[in-house]
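Notes follow the structure.
Chain A is the first sequence line, chain B the second, and so forth, proteins listed ahead of strands; every chain is numbered from 1.
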Amino acid sequence: MIPKRTFDAVIIGGGGAGLRAALQMAQADLKVAVISKVFPTRSHTVSAQGGITAALGNVSDDDWHWHMYDTVKGSDYLGDQDAIEFMCRNAPTAVYELEHMGLPFSRLDNGKIYQRPFGGQSQNFGGEQAVRTCAAADRTGHALLHTLYQRNIAARTQFFEEFFALDLIRDEEGYVLGVSALEIETGQPWLFEARVTLLATGGGARIFRHSTNAHINSGDGLGMILRAGLPLEDMEFWQFHPTGIPEIGSLITEGVRGEGGYLLNKDNERFMLRYAPNAHDLASRDVVSRAIAQEILAGRGCGPHGDFVYLKIDHIGADKIKSRLPGIRELSMQFAGVDPCEAPIPVTPTAHYMMGGIPTNLHAQVVTPERYGPEEAVPGLYAVGECACVSVHGANRLGGNSLLDLVVFGRAAGNHAIEYLRENTIPRPLPADASDLATGRLARWDKAKGNERVPKLRAEMQRILQEHCGVYRREDLLKEGIEKLGQVEARLQDAVIEDRSKMFNTARLEALELENLLPIARATLVSALARTESRGAHSREDYPKRDDDQWLRHTLYSRENDQLDYKPVRLKPLTVETFQPKERTY
Amino acid sequence: MTAELNRLRWRCQRGMLELDHILRGFLDTGYLAAPPETQRAFESLLSMEDADILDLVMGRTTPVSGELVPLLALLQRRI
C-alpha cells in the first residue's frame with residue numbers, strides 16, 4: 001500500500017469551483033484538503049475575464065426570473081429548469097457574498113457594482129437587452145481566485161500543490177473514499193482518504209486542435225469518472241466561442257460586442273443583422289459561431305484563406321477601448337498584430353467550454369442510473385464547475401454564467417457535504433486494492449515498450465476532433481472520426497515515454513493526461529453521432545432541426561461498449577412555471 | 001539538468017493559454033542559450049501570478065526588479 005493522508009474532505013482542483021466548495025467546508029471546521037496540479041491561483045478560472053452574471057438591476061431593470069428565462073432559452077431547452085432556477089435565484093446572494101469577502105468589483109458612479117451587457121441577456125422574457133454581468137475590470141476570474149484562495153488560507157484549508165490526481169477509490173458498495181494522486185516533485189504516489197471527495201477539475205476542450213483552453217485543461221476528473229465505471233452526460237455539447245484569434249486560440253471576450261463591437265465579412269457586411277435580426281452581434285454564442293462558420297463556408301471569410309471574419313470596435317473610440325477593454329486591446333496587438341483602436345480584429349470560432357460532464361444533482365452530488373432510477377447519488381462523491389453537468393447550461397452556455405455556476409454550486413456542494421459528513425462520521429475501510437488502478441497506470445508507463453509517442457498521438461486526436469466534430473457535424477464524418485480515433489487508441493498501447501525519471505517528469509504527466517483526454521474524445525464523438533438533431537452547440541448538417549419529440553433528453557455515455565443511455569430533461573422548476581420549449585430566435 | 005528543466009517546464013503550465021504559448025516557447029527554444037542572469041529572471045517570473053506576468057509581457061506594467069527587463073524584451077520579441 002502506498003502512503004496515505006486522511007481528511008474529512010478532499011477536493012481535486014484549485015480553481016473557482018474547488019476553492020468555493022473548500023471554503024464552505026473549511027469554515028465549518030472540517031479538515032479539508034485541496035489537491036491541485038498547479039498552484040491554485042494559476043488555475044484556468046484566471047482566464048474568465050468577462051464577469052459573473054446576476055440580476056442585480058444596477059444598470060437596467062432586472063429580475064432573476066428574466067435571467068432564468070434567458071438561461072433556459074440559451075440552453076436550447078436542454079438545461080434542467082430546477083437547477084437553472086436555483087442558480088439564477090441564488091445569483092445576487094452569491095455575488096454579494098463575494099463582494100463581502102473582498103472581491104474588488106468595478107463600480108458605477110453611484111458606488112454600486114458595475115454591470116455590462118452580454119449576449120443572450122434580456123429584460124422581461126425576451127425584450128430589450130439586459131445589463132447583467134458584474135465585472136472586476138477584465139480580471140474577474142483572477143480577482144475571484146485570489147479572494148477565495150486568501151479566504152481558504154484563513155480558514156486553514158490544506159493545499160497540496162503540484163499533486164496530480166490519478167483515480168477514485170471506491171469500495172464494493174459504491175462509496176467513494178478518496179483519491180490516489182502523484183506528487184509531481186518527487187514522483188511519489190499517495191492515497192488521500194476522505195469521506196467526501198469533490199471533483200472540480202475543469203473542462204477538457206484540449207481534445208480540439210483550436211481551443212481557448214489552457215494546456216492544463218485535460219479533463220482529468222472526467223477520465224477518473226469513466227475509469228470508475230460511471231457515466232458522463234451530454235458530451236456532444238461543446239461551445240465554440242465565436243471570437244478566438246485564429247491559430248493562437250486566444251479569446252476576445254464577448255464584452256467587446258457588449259461595448260458596441262460588431263462582426264464583418266469580407267464584403268464589409270455586418271452579417272449578424274441577417275442571422276439575428278433582434279439581438280444582432282449579441283445573440284447567443286452558438287448562434288454567432290454558426291453564423292461565422294456559415295459565412296466562411298459560403299466563401300465570405302476574410303484573409304488569404306478566407307478562414308476568419310473581422311470584429312470591428314474602433315468606432316467606439318480609442319479612449320473607450322483603452323479604458324474599458326485594455327486587456328483585449330493588448331491581446332489583439334500582441335497575438336493578432338492588430339490595434340483594435342485602428343483596425344478590426346481577425347476572429348474565428350474556437351472550442352471553448354464543455355457543457356456536458358459529470359452528472360450531478362442540485363446539491364452537486366454525482367448521480368448515476370442505478371437500481372432505483374436514473375439519478376441515484378454516488379455516496380461520498382461530488383462534482384462542481386465545468387467538469388460537472390448539473391445541467392444549467394444545457395446545449396449552450398450563456399457568457400457570464402460559468403463563474404456563477406462555480407460559486408452557486410460550489411457553495412451548495414459544501415453545504416450538502418457538511419450534512420453528509422455529520423451523518424457519516426466513521427470512515428469506511430479502504431478496499432485492499434485501493435491503490436491498484438493508480439499504481440498499475442504508473443507502472444505501465446515506467447515499463448512501456450513500443451514506437452509511438454504521446455505528443456504525436458495527442459496532436460492526431462486533436463486534429464480528428466476538429467475535423468470530424470467541430471461547429472458542424474455529419475453522420476459520415478462522425479463515423480469516420482470514431483474509426484480514426486480507435487486507431488489512435490490502439491496505438492496508445494505502443495506508446496512509450498523516454499524520460500523515466502521521478503522528479504517533475506512532465507512526459508509522464510502528459511501521458512497520464514492523454515489517458516484522460518482520449519476517452520473524453522470518444523464520449524464526444526459517440527454521443528454526437530447518436531443525437532440526430534441540431535440543438536444549441538450541437539449542429540448536425542444532416543439533421544438541421546431541433547427534435548423535441550425524440551431528443552428533449554440528456555445523453556449518458558458509459559465507457560463499457562460505448563453504451564448510451566438517456567434521461568429526461570427536468571422541465572419543472574422549483575417554484576415557477578415551466579418555460580415551454582419554443583423556437584429559439586434572437 | 002533534466003530534472004531542473006522539467007521543473008521549469010511544469011511551472012510554465014499556466015491558467016492562461018497565452019502564457020502557455022509565451023513561457024513554454026521561451027523555455028523550449030531560448031532558455032538554454034540565455035545568459036545565467038536571464039535564466040534566473042525567468043525563474044523569478046514563473047513564481048509570479050498569471051495576470052501579473054501577462055501585464056508585464058504585454059508591457060502594461062513595468063517590472064519592479066530591473067533584472068526582468070532584458071528577459072521581457074526577449075519574450076516580447078518572441079510573440
Side-chain angles (χ1 to χ4, degrees), chain A residues 14-15 37-49 137-139 141-143 145-146 149 162 164 184-185 187 202 205-206 211-218 244-245 247-251 326-327 329-331 333-335 337 350 498-499 501-510 513, chain B residues 1-32 39-64 68-79:
Chain A
K37 65 181 181 180
V38 296
F39 287 98
T41 53
R42 298 175 196 166
S43 303
H44 191 53
T45 306
V46 80
S47 292
Q49 303 163 331
D138 49 10
R139 274 188 173 210
H142 168 87
L145 270 182
H146 273 262
Y149 183 67
E162 297 183 331
F164 186 93
I184 294 171
E185 183 174 7
R206 296 304 313 178
S211 169
T212 65
N213 282 197
H215 292 174
I216 53 176
N217 279 25
S218 50
I245 294 178
E247 296 304 323
I248 301 288
S250 201
L251 186 151
R329 178 173 179 244
E330 301 295 344
L331 274 184
M333 288 166 67
Q334 298 287 1
F335 289 102
T350 305
E498 281 156 10
D499 183 357
S501 64
K502 295 289 181 200
M503 296 166 65
F504 285 102
N505 186 334
T506 51
R508 181 195 285 131
L509 293 167
E510 284 174 13
E513 286 179 337
Chain B
M1 191 61 187
T2 305
E4 185 53 22
L5 274 178
N6 273 348
R7 183 175 68 83
L8 293 175
R9 188 166 289 126
W10 188 249
R11 299 223 165 129
C12 288
Q13 300 271 83
R14 313 301 289 209
M16 290 181 172
L17 176 68
E18 293 79 13
L19 293 181
D20 285 339
H21 284 299
I22 296 165
L23 299 174
R24 182 72 181 262
F26 176 73
L27 185 74
D28 287 346
T29 59
Y31 177 81
L32 285 175
Q39 292 185 351
R40 280 196 301 276
F42 185 64
E43 180 138 2
S44 141
L45 188 77
L46 289 182
S47 69
M48 298 171 68
E49 296 298 336
D50 280 21
D52 296 332
I53 300 176
L54 195 66
D55 279 351
L56 283 168
V57 176
M58 297 290 180
R60 290 177 214 150
T61 53
T62 49
V64 177
L68 285 177
V69 175
L71 170 68
L72 291 172
L74 277 176
L75 294 178
Q76 282 157 358
R77 270 209 299 276
R78 300 180 69 80
I79 296 174

Answer with side chain, backbone, both or neither: which region of B/Glu49 has an atom nearer than 4.5 Å to a non-hydrogen atom of chain A?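 Side chain only.
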In terms of heavy-atom pairs under 4.5 Å with chain B, which of [options] leads?
options                                : value
A/Thr212, A/Leu145, A/Asn217, A/Asn505 : A/Thr212
A/Ile216, A/Thr506, A/Asp499           : A/Thr506
A/Lys37, A/Met503, A/Lys502, A/His215  : A/His215
A/Thr45, A/Ile184, A/Ile245            : A/Ile184

Side chain / backbone / both / neither for A/Ser501 at chain B, heavy atoms under 4.5 Å: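 Only the side chain of A/Ser501 comes within 4.5 Å of chain B.
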Looking at [Y] and [X], is there a salt bridge between them, counting it only when a charged N and a carboxylate O are closer than 4.0 Å?
X        : Y        : result
B/Glu43  : B/Arg7   : yes
A/Arg139 : B/Asp50  : no
B/Arg9   : A/Glu510 : no

Verdict with reasoning, A/Ser218 to A/Arg206, per side-chain contact (heavy atoms from CB on, under 4.5 Å): CA-CA 6 Å; A/Ser218 50; A/Arg206 296 304 313 178; 5.6 Å; no
Evaluate the ring planes of B/His21 and A/Phe335, with Trp represented by its six-membered ring, and classify them as parallel (under 30°), tilted (30 to 60°) or perpendicular (over 60°).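 Aromatic pair B/His21/A/Phe335 classed tilted.
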